[in-house]
Visitor: 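My structure is below; once you've seen it, I'll send some questions.
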There are 2 protein chains.
Amino acid sequence: MNSRLKSAYLALKSRNLDALLVSSPANISYLTEATCRDAYLLVSPKKSIYFTDSRYTEEAKAFLKGKAVLCECNGLVFKRIAGEIHRLGLNRVGFEERHLPYAEFAKVKEYSAARFALIPTHSIIEDKRQVKDAQEIMKLRQAARITNLALGYIRRFIVPGAREIEIAGELERFIRYRGARCAAFDIIVATGPNSSQPHHLSGSRKLKKGEPVLIDLGVDYEGYKSDLTRVLFLGKINLLVRRVYDIVRKAQELAIKKIRPGVEIAEIDRVARDYIVSQGYGSNFTHNLGHGFGLEVHESPQISGREASSLKPGMVFTVEPGIYLPGKFGIRIEDMVLITTKGCEVISGAGD
Amino acid sequence: MNSRLKSAYLALKSRNLDALLVSSPANISYLTEATCRDAYLLVSPKKSIYFTDSRYTEEAKAFLKGKAVLCECNGLVFKRIAGEIHRLGLNRVGFEERHLPYAEFAKVKEYSAARFALIPTHSIIEDKRQVKDAQEIMKLRQAARITNLALGYIRRFIVPGAREIEIAGELERFIRYRGARCAAFDIIVATGPNSSQPHHLSGSRKLKKGEPVLIDLGVDYEGYKSDLTRVLFLGKINLLVRRVYDIVRKAQELAIKKIRPGVEIAEIDRVARDYIVSQGYGSNFTHNLGHGFGLEVHESPQISGREASSLKPGMVFTVEPGIYLPGKFGIRIEDMVLITTKGCEVISGAGD
């Protein structure tokens, strides 16, 4: 049993639950300290059980040692889960309502034959993941470092005629030579007018002189993700692009200055948003200021104007104001910050 | 309204449903003929509505024309969905039980205020996706072609000391220069003993002389996926590896020979499995023989010994027998077949 599982047991106790059926791969990965997929983890104080199929038996045996017992299921996994819950004499079993499809809930419920109750829960494990420990921060720093190096390396490929997907391909190759396991999400390479779509799908468009290229890249380093956006320019920048770029940069600076433990999260979003509104582009900043990241590229906390909780040391999140002018261009600048005991550190800015 | 939406309406009618809330990104992509994410599609004979957030407004406006109306929701999407269902006077609304998390089901139900019923459904759209049309087959052929080219190209990187993730990085780069949007899944590059794990996570292990390298690669070409596995060898192969390779190859050949319209799917799995059992490796073939692919890399039909339905022209699926000797090595050979009117065509075998 590791400290993360112990901490999860305590959280269950305080909610009057006998067990938790964890189905989010990131939550399972957090609790077992491994990279998990196609699995379910039943967490209970008596015994934790890891359910997966034969494709993963060999690796699961290795990483589960001393944490949970392995139950190999090839088909009928929900029957097995319900059977084990019954066998352990558990009565009130929480499940992750955001991560369990309705059909899977219905199956476990059916197999429970009313011998135990299924209680919807959310955020039990996610809340614990918000504050990162030293080992996690080390991995996140390395993920940030590789991402930053990649955005330096890619400049040589920003030439007329380069296609978006080709630039993405060069990034995919580079990050792996620097030790990343893979990209954290579909790399966004948005040239010219495509940059006005915040989540553009990189395509076959060719880069032209005088255009901005927005690159949004994240990597996975030992399970931990990064998320960084830069806008590069090919040739001369026109005045409007420059003006918008400067507004976004300034909005980011103002927000980062505010970041320290104890500050309300909504306030961070507000500072950046107020400045962009004051410059006349409020309606073009169409998303939240940022989001936490870690085992997932988007996790708690959301850095939004509706988030009333406060910043704590060990939190990491993105600060990514953006201004999008449909059909013309978009500018987003995204960095990663770590909350320290006194303020914050921009972990993406180091360069190399 | 396109023919896919029309066909979906008919399927609803026959199930006595007034509408279907589609939440699977692949199903939404199929119905709208675009690459969708972070969206919900309400399909009803009166009107179809596409719910997404402002990050996607610009692209959604373009691809929805004549198919569905756009409803931009920034927060409270389930309230909006319930409101629109009520406004349209729909009473019996199906939802995709395998693709809707319990929490989202509960929210729509809460906002329904008992003015409409939510009916769990499954496979309504997935069943339609099993048989591919001419345009889909063209894209799948191109995805298969790029994958095949990549597995030819990569041979030059199969050298002593090459790391698994570096080989994956070269593949990621290459497929994009050939027009793929991205890889269809985490590329598996498993060297030496790592090949005994069917879903190995590519890591930093270095390739050594005399080892097998299992590469499982798929690409995304205009939304359509491929899935191909080859085992390459660096240097001399030992006798056991050769023997196992030959058994897997023969099992695949025997299965492919059986594939034609009207054959029971279970029979295809059985032919390959029986042969592997006869050679003494039955317990080492630990997964199904194959799976359908298309907008997703795994979709219906499953090519399993439990699948009683029959093959139809226009289906595409993988044939991928494997033998895994834990701690030693594994061999899997995977090809993609298309069911024709008289038999089948191996679309991954063409080479270039």
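Labels below follow one simple rule: chain letters A, B, ... track the order of the sequence lines, proteins then strands, and each chain is numbered from 1.
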Visitor: Ignoring hydrogens and angles, write down the donor-acceptor pairs under 3.5 Å from the side chains of residues 282-290 of chain A, residues two or more places apart or on other chains.
Guide:
residue : atom : partner : partner atom : Å
A:N284  : ND2  : A:Y324  : O            : 2.9
A:H287  : NE2  : A:Y324  : OH           : 2.7
A:N288  : ND2  : A:Q302  : OE1          : 3.3

Visitor: Rounded at 0.5 Å granularity, tell me how far CD in A:Q197 sits from OG in B:S54.
Guide: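 Nearest 0.5 Å value for the CD-OG distance: 12.5 Å.
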Visitor: So for A:P326, is it side chain, backbone, both, or neither that comes closer than 4.5 Å to the heavy atoms of chain B?
Guide: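 For A:P326, heavy atoms of backbone and side chain both lie under 4.5 Å from chain B.
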Visitor: What are the two closest heavy atoms between A:D186 and B:R181, and how far apart are they?
Guide: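 Nearest heavy atoms, A:D186 then B:R181: OD2-NH1, 2.8 Å.
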Visitor: Are the side chain of B:E58 and the backbone N or O of A:G327 linked by a donor-acceptor pair below 3.5 Å?
Guide: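 Flag set: sc B:E58 to bb A:G327 pair under 3.5 Å.
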Visitor: Identify which part of A:F174 has an atom lying under 4.5 Å from any heavy atom of chain B, answering side chain, backbone, both or neither.
Guide: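 Looking at A:F174, nothing touches chain B.
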Visitor: With a 4.5 angstrom heavy-atom cut-off, is it the side chain or the backbone of B:A180 that approaches chain A, or both, or neither?
Guide: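 Backbone only.
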Visitor: Could you have a look at A:G203, A:S204, A:G322, A:A168 and say which one has the most heavy-atom pairs with chain B under 4.5 angstrom?
Guide: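 Most heavy-atom pairs within the cutoff with chain B belong to A:A168.
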Visitor: Would you say B:E166 and A:R176 make side-chain contact, with heavy atoms under 4.5 Å?
Guide: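 With C-beta onward as the side chain, the pair stays apart.
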Visitor: Quick check on B:R98 against chain A: is it the side chain, the backbone, both or neither that has a heavy atom closer than 4.5 Å?
Guide: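 B:R98 touches chain A through backbone and side-chain heavy atoms alike.
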Visitor: Under 4.5 Å from any heavy atom of chain B, what part of A:S196 do you find: side chain, backbone, both or neither?
Guide: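 Backbone plus side chain of A:S196, per the 4.5 Å heavy-atom cut-off to chain B.
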Visitor: Could you give the side-chain donor-acceptor pairs of residues 100-108 of chain A under 3.5 Å, partners two or more places apart or in another chain?
Guide:
residue : atom : partner : partner atom : Å
A:E104  : OE1  : A:Y40   : OH           : 2.7
A:E104  : OE2  : A:Y40   : OH           : 3.2

Visitor: Is B:T35 in contact with chain A via its backbone, its side chain, both, or neither, using a 4.5 Å heavy-atom distance?
Guide: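 Both the backbone and the side chain of B:T35 come within 4.5 Å of chain A.
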Visitor: Is chain A contacted by the side chain of B:S304, its backbone, both, or neither, given a heavy-atom distance below 4.5 Å?
Guide: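 Interface part for B:S304: neither.
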Visitor: Side chain from CB out, backbone as N, CA, C, O: work out which of these in B:H200 comes under 4.5 Å of a heavy atom of chain A, or both, or neither.
Guide: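 Backbone only.
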Visitor: What part of A:R37 gets closer than 4.5 Å to chain B, counting heavy atoms only: side chain, backbone, both or neither?
Guide: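 Answer is side chain: those atoms of A:R37 sit under 4.5 Å from chain B.
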Visitor: What I'd like to find out is whether the side chain of A:H199 reaches to under 4.5 Å of the side chain of B:R55, using heavy atoms alone.
Guide: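 When only atoms from C-beta onward are counted, B:R55 and A:H199 do touch, with a gap below 4.5 Å.
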Visitor: Find out whether A:R173 and B:E172 are in side-chain contact, i.e. whether some heavy atom of one side chain is under 4.5 Å from a heavy atom of the other.
Guide: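 A:R173 does not reach B:E172 side chain to side chain.
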